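First the proteins, then the strands, lettered A, B, ... as listed; each starts at 1. Just so you know, these numbers come straight off a predicted model, no measurement behind them.
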Amino acid sequence: MKHYLTKKKFLHLLMEWYHANKRELPWRGEKDPYKIWISEIILQQTRVEQGIPYYLNFLKKFPDISSLANSDIDNVLKVWEGLGYYRRALYAREAAKQMMEWHSGKVPAKFVELLELKGIGEYTAAAVASIAFHEPVAVVDGNVLRFFSRLLGIKDDISLPATINKIRKYTNYFLDQHSPGEYNQAIMEMGATCCTPKNPNCNLCPFQKYCYAFNHQKTSILPQKTKKINVNKRYFIYYIIEKNNTYYFQRREKEDIWKGMYEPLLKEFKTLKDAKRELTRFENHVGPLRHVLSHQHIYAFAVNCNIDKKLNQKNFYSRKQLKKLPMPVLVKKLLNLHNDKKSN
DNA sequence: AAACCGGGGCC
DNA sequence: GGCCCAGGTTT
């Protein structure tokens, strides 16, 4: 091999690049394991720029483990509102309780202990153990998979566990035993800002001459990912029920999207035709509002409704109370449309 | 192993 | 419209 990359050379190139190019982020240099843990939960499947304001706000509302462990579920979800993957917030609250019970109110220091906690998998356990407690374990996230698959020319499907384990071995080989947290953050920063999914900045990359993908013009086809998602279409009609200046809202309890979030009375239809037939029963409506999720396209309508149906009285909320309820982004958008129409 | 869980940014 | 994001849990 013409350009052989020793571990020493690899670490020198990586850390020199990192110290010159890293972004200043709120959790950089953070020592508090709680804050480091929260940052990692928020950043799961979430872009750093999108997560930052949520990180700051979450810590303002829940500054330590006990405040989160003793929190009201609605309040936690409210802070998470708009970020998506709402289970993360519920799991974090559960994990805080587990820390109170099992670890005397502290974030456990070991990878294997962290792994036992709700919402903490291989990635987050390694991130917290290495960044907060300097345990020498390498993280494997989307950035790490992309960086190594290109650098080393790994053509296996990166969504397969076998491929993830393969790349884990490589990144663990290169891991800086003395500053594993810095090493992990440096690789992720490479993937996020230099070795990007599309149009990577190879001209600025310190590994260019060692990189398989660059040297074989394969940056656009690596990493390989064969899995494709299929999108479901769903049709929602929300019934806006008002009574004495209060509004009927209910909590989503089923195993479905937005569990724990609040919404008006909902009926779901299998086809657009069925939904439109239902709409003919009402004088007017708003929608369809098309809402795109990763695996679902939702077409939502809202109608005014005065029904005699026996509805639980405690599910009627004043406008002031509504502001405290966590709601899906779609519901908030639809309510805005509905209110705009009424005021015209 | 595959399905499910959100919303936003980029191309 | 498709892809990806400092992934994890459930089936």
Report which part of the nucleic acid [X] touches: base, sugar-phosphate, or nothing (heavy-atom distance under 4.0 Å, all strands).
X: A:Arg28; value: base
X: A:Gly82; value: sugar-phosphate
X: A:Ile120; value: sugar-phosphate
X: A:Glu122; value: sugar-phosphate

Please report, rounded to the nearest Å, how far the [atom2] atom of [N] is from the [atom1] atom of [X].
X: A:Arg93; N: C:dT9; atom1: CZ; atom2: C1'; answer: 18 Å
X: A:Leu83; N: C:dA6; atom1: CG; atom2: P; answer: 13 Å
X: A:Glu255; N: B:dC4; atom1: CD; atom2: P; answer: 13 Å
X: A:Glu40; N: C:dA6; atom1: CD; atom2: P; answer: 11 Å
X: A:Asp256; N: B:dC5; atom1: CG; atom2: C1'; answer: 10 Å
X: A:Ile38; N: C:dG7; atom1: CD1; atom2: P; answer: 16 Å

Please determine, for the side chain of [X], which listed nucleotide ([options]) has the closest atom?
X: A:Arg87; options: C:dG8, B:dG6, C:dG1; result: C:dG8
X: A:His295; options: B:dG7, B:dC4, C:dG7; result: B:dC4
X: A:Lys333; options: B:dC5, C:dA6, B:dG8; result: B:dG8

Task: Residues forming a ring-ring contact (aromatic ring centres under 6.0 Å, His included) with A:Tyr248, sequence neighbours excluded - done: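 So A:Tyr248 forms a ring-ring contact (aromatic ring centres under 6.0 Å, His included) with A:Phe316.
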TODO: Kindly write out the residues that satisfy ring-ring contact (aromatic ring centres under 6.0 Å, His included) with A:His291, not counting sequence neighbours, or none if the list is empty.
DONE: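 Not a single residue meets the ring-ring contact (aromatic ring centres under 6.0 Å, His included) criterion with A:His291.
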Using a cut-off of less than 4.0 Å, is there contact between a side-chain N or O of [X] and OP1 or OP2 of [N]?
X: A:Gln296; N: B:dC5; result: yes
X: A:Gln45; N: C:dG7; result: yes
X: A:Tyr91; N: C:dG7; result: no
X: A:Thr124; N: C:dG8; result: yes
X: A:Lys259; N: B:dG6; result: no
X: A:Trp80; N: B:dG7; result: no

Taking the basic N atoms (NZ, or NE/NH1/NH2) and the acidic carboxylate oxygens, is any pair closer than 4.0 Å for [X] and [Y]?
X: A:Lys110; Y: A:Glu135; result: no
X: A:Glu49; Y: A:Arg47; result: no
X: A:Glu253; Y: A:Lys259; result: no

TODO: Ignoring hydrogens and angles, state whether a donor on the side chain of A:Ser159 or A:Asp157 is under 3.5 Å from an acceptor on the partner side chain.
DONE: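 Side chains of A:Ser159 and A:Asp157: pair found under 3.5 Å.
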Open item on the list: Looking only at side-chain N and O atoms, does A:Gln45 offer a donor or acceptor that is under 3.5 Å from a partner on A:Tyr85?
Closed with: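 The criterion, which ignores hydrogens and geometry beyond distance, is not satisfied for A:Gln45 and A:Tyr85.
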Restricting to nitrogen or oxygen on both sides, can you table the protein-nucleotides 2-4 of chain C pairs closer than 3.5 Å?
from: C:dC4; atom 1: O2; to: A:Arg47; atom 2: NH2; distance (Å): 3.0

At their closest point, which heavy atom of [X] faces which heavy atom of [Y], and how far apart are they?
X: A:Ile164; Y: A:Ile158; result: CG1-O, 3.6 Å
X: A:Gly51; Y: A:Thr46; result: N-CG2, 4.2 Å
X: A:Thr171; Y: A:Val139; result: CG2-O, 4.0 Å

- [ ] Give a yes/no verdict on a cation-pi contact between A:Lys7 and A:Phe174, requiring under 6.0 Å between NZ or CZ and the six-membered ring centre and an angle within 45° of the axis.
- [x]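 Not satisfied by the 6.0 Å and 45° rule.
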TODO: Report, as yes or no, whether the 6.0 Å neighbourhood of atom NZ on A:Lys78 holds more than 12 heavy atoms from other residues, nucleotides or ligands.
DONE: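 More than 12 heavy atoms, drawn from other residues, nucleotides or ligands, come within 6.0 Å of this atom.
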Task: Earlier contact from the 5' end, DNA chain B, for A:Leu160 and A:Tyr85 - done: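 Final value for this comparison: A:Leu160.
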Open item on the list: Let's see if you get this right: which residues in residues 131-142 of chain A place a heavy atom under 4.0 Å from DNA chain B?
Closed with: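 Those residues whose heavy atoms fall under 4.0 Å from DNA chain B, taken from residues 131-142 of chain A, amount to none.
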Open item on the list: Near DNA chain B, counting only heavy atoms under 4.0 Å, which residues of residues 173-192 of chain A show up?
Closed with: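 Within this stretch, nothing sits under 4.0 Å of the strand.
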Task: 5'-most by nearest nucleotide on DNA chain C - A:Leu117 or A:Gln50 - done: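 Of the two residues, A:Gln50 wins.
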Open item on the list: Under the rule for side-chain hydrogen bond (donor to acceptor under 3.5 Å, both in side chains), what residues qualify as partners of A:Glu101, not counting sequence neighbours?
Closed with: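 Partners of A:Glu101 under the side-chain hydrogen bond (donor to acceptor under 3.5 Å, both in side chains) test: none.
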